[in-house]
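I have placed the structure first, in the form of structure tokens, so that the comments after it can refer back to it.
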Amino acid sequence: MTSSPRRLGTAALAGLPASVARPGYDRSAVATGIVHLGIGAFHRAHQAVCTDDVLATGDRRWGILGASLRSPDTRDALVPQDGLYTLSVRDSDGEALRVIGAVQDVLVAPESPSALLDALCRPSVAIVSLTVTEKGYCHDPATGRLDESHPDIVHDLAHPGAPRSAIGILARAIARRRAEGLAPFTPLCCDNLPANGRTLHRILSRFAALVSPDLGAYVEGEIACPETMVDRIVPATTDEDRGRIAAALGVEDAWPIVTEPFLQWVIEDRFLSGRPAWEAAGATLVSEVAPYETMKLRLLNGSHSSLAYLGYLSGCETVAAAMAEPGIAAFVEALMDDSTPTLTLPPGADVAGYRRSLIDRFRNTALKHRTWQIAMDGTQKLPQRLLGTVRDRLARGLPVDRHALGVAAWMRYVSGTDEAGKPIDVRDPLAADLAVLAREAGPVADRLAPALLGVRAVFGDDLPGHPRFRAAVTSALDALYRQGSKATAAEYARLS
């Protein structure tokens, strides 16, 4: 790869301002130990940063080869920069810039599936990590099982040499490495799926069994998929960010990443062929991730989605703007009150301190995290962010009104029009189906709520028929239509 002197790249590193941190290790001596599927903003703000820290300690086995499964945009931005990009960490105290060197190259899977499969079969590769979003696993979110009718799964079973899906790519590479006598890699899911390691293992094992019973048995018995919990807020990079960072660097960076100071990574220590010493970068290696995962999904993600829908509907473009609305902020804290009793806390957890930190992070005005970005793919997110808590509270005979308001706000959002009558660009795998249901029901809670509760992929077979939940969602949706998000959030925050 070559770089223009006016573009960030190896040749530009020496001329960067002294305040900009940069790789202090010899990048040319780094081996490829990790292939990452789905090299988007989150990975580059999280796992790649931790891996860069490990490379800086002198362990050069863990360079990252990134793969985009859809768009060439990340490749087109990073390859001319020798894989380098700028990490901007922002809060009320200002901005710190650091150039990350862990990414060695980026491939685009649809352009050459064989090149990606060849990379996955390099002997040095020990880990294949994934951030492909919830929808990238081609599964049924309500059950956590492989969706065998998914178009990408159907394609990959018919064309195993040119897979499209992350699952098909993993299965093909595992089969090839086995045939070639190479040690297996460890698939490492870093997405917000419940029990993400077990979920990935279940999906992957089933797909492999559909390829052949022998491969299915091999994946089931020999491939380990550790659980993880990841946490860092990463808003989409804007042109304003690019301009500000370019001015600070003195060179152009086509795709810098902006994030917050907070970073958490909890990892089940179960790897087949070694791993980086990520604990040196602040990761927590444990034998059981579930308590950390549940605390994060229910307190952070559940609150994040709820305030995103309520905020967007009422005209708040960012999370911080939504949190500046007293009623929405009070509702978020009350929602956390209701979620907390359903948690099994990890050892030594300070849940009160964690909750305070979340409120502070949501209020970070330097981040400009768009509510629309968080609102994407709700059908994939609601089951783990809100509905697990709903089921636990129902089982204990506890009220579910506040969580029902989060669900109702999603329903109001996917109907396609905000409170000002403006159209909403709903991005969701089921967007077309949701639009049909919303159009047929109209903006009437008694019709829209049962129509959307009937989406089995989201609500399963149990919740649509549960009288308390059904009534709570319908009532909350009616309140949203009658009095708007801000007033309804304030009302629900005051519920006893």
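One is the number of the first residue; the rest follow in order along the sequence.
- Pairing each heavy atom of Leu297 with each of Gln384, the nearest pair is CB-O, 4.1 Å.
- Contact check on Arg172 versus Asp156 returns no salt bridge, with no Lys/Arg side-chain nitrogen under 4.0 Å from an Asp/Glu carboxylate oxygen.
- Classification of the His304-Phe362 ring pair by plane angle, with boundaries at 30° and 60°, yields parallel.
- Between the Arg393 side chain and the Asp338 main chain, a donor and an acceptor come within less than 3.5 Å of each other.
- Residues Ile39 and His36 meet the side-chain proximity criterion, which asks for heavy atoms closer than 4.5 Å.
- A donor atom on one side chain and an acceptor atom on the other are found under 3.5 Å apart for Thr32 and Gln104.
- Between the side chain of Arg44 and the main chain of Trp255, a donor-acceptor pair closer than 3.5 Å is present.
- The two residues Leu107 and Ala115 make their nearest non-hydrogen contact at CD1-O, 3.9 Å.
- Proximity of a side-chain donor or acceptor of Ser339 to a complementary backbone N or O of Met336 within less than 3.5 Å is not detected.
- When Thr57, Asp52, Asp59 are each tested for a side chain to side chain donor-acceptor pair (under 3.5 Å) with Tyr25, only one passes: Asp52.
- Of the listed residues (Glu288, Glu293, Glu227), just one forms a salt bridge (charged side-chain N to carboxylate O under 4.0 Å, His left out) with Arg198, and that residue is Glu227.
- Arg206 and Glu148 are joined by a salt bridge, as a carboxylate oxygen and a charged side-chain nitrogen come within less than 4.0 angstrom of each other.
- With hydrogens and angles ignored, the 3.5 Å screen pairs a side-chain donor or acceptor of Lys296 with a backbone N or O of Val230.
- With hydrogens and angles ignored, the 3.5 Å screen pairs no side-chain donor or acceptor of Asp140 with any backbone N or O of Arg145.
- Using modelled atom types, no side-chain atom of Ser205 and backbone atom of Gly216 make a donor-acceptor pair closer than 3.5 Å.
- For the residue pair Pro184 and Ile223, the shortest heavy atom distance occurs at CB-CD1, 3.8 Å.
- Across Asp152 and Ser165, no two heavy atoms sit closer than the pair CB-CB, 4.0 Å.
- Counting all heavy atoms, side chain and backbone alike, Pro291 lies closest to Pro346 at CB-N, 3.6 Å.
- No side-chain donor from either of Ser212 and Asp214 sits under 3.5 Å from a side-chain acceptor of the other.
- One finds no salt bridge joining Glu222 and Arg178 here, because no Lys/Arg side-chain nitrogen approaches an Asp/Glu carboxylate oxygen to under 4.0 Å.
- Between atom CD1 of residue Ile257 and atom CZ of residue Arg232 there is a gap of 11.0 Å, rounded to the nearest 0.5 Å.
- Results of the salt bridge (charged side-chain N to carboxylate O under 4.0 Å, His left out) test with Arg456 over Asp461, Asp462, Asp147 single out Asp461 as the only residue that passes.
- A salt bridge between Arg361 and Asp91 is absent, with no side-chain N of the basic residue lying under 4.0 Å from a carboxylate O of the acidic one.
- With respect to Asp377 and Lys135, a salt bridge is recorded, a charged nitrogen being found less than 4.0 Å from a carboxylate O.
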Check against ring-ring contact (aromatic ring centres under 6.0 Å, His included), Phe331 and Tyr492
CA-CA 7 Å; Phe331 171 76; Tyr492 274 62; 7.0 Å; no

Just do the ring-ring contact (aromatic ring centres under 6.0 Å, His included) check on His155 and His150 with the steps written out, would you?
CA-CA 9 Å; His155 172 276; His150 191 288; over 10 Å; no

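- Nearest heavy atom pair, residue Leu157 against residue Val211, reads CD2-CG2, 3.9 Å.
- Side-chain atoms of Tyr85 do not come within 3.5 Å of backbone N or O of Val99 as any donor-acceptor pair.
- Aromatic ring pairs are classed by plane angle as parallel below 30°, tilted from 30° to 60° and perpendicular above 60°; the pair Phe42 and His46 is parallel.
- Taking the charged nitrogens against the carboxylate oxygens, Asp392 and Arg298 do have a contact shorter than 4.0 Å, which makes a salt bridge.
- A salt bridge is absent between Asp105 and Arg75; no separation between the charged side-chain nitrogens and carboxylate oxygens falls under 4.0 Å.
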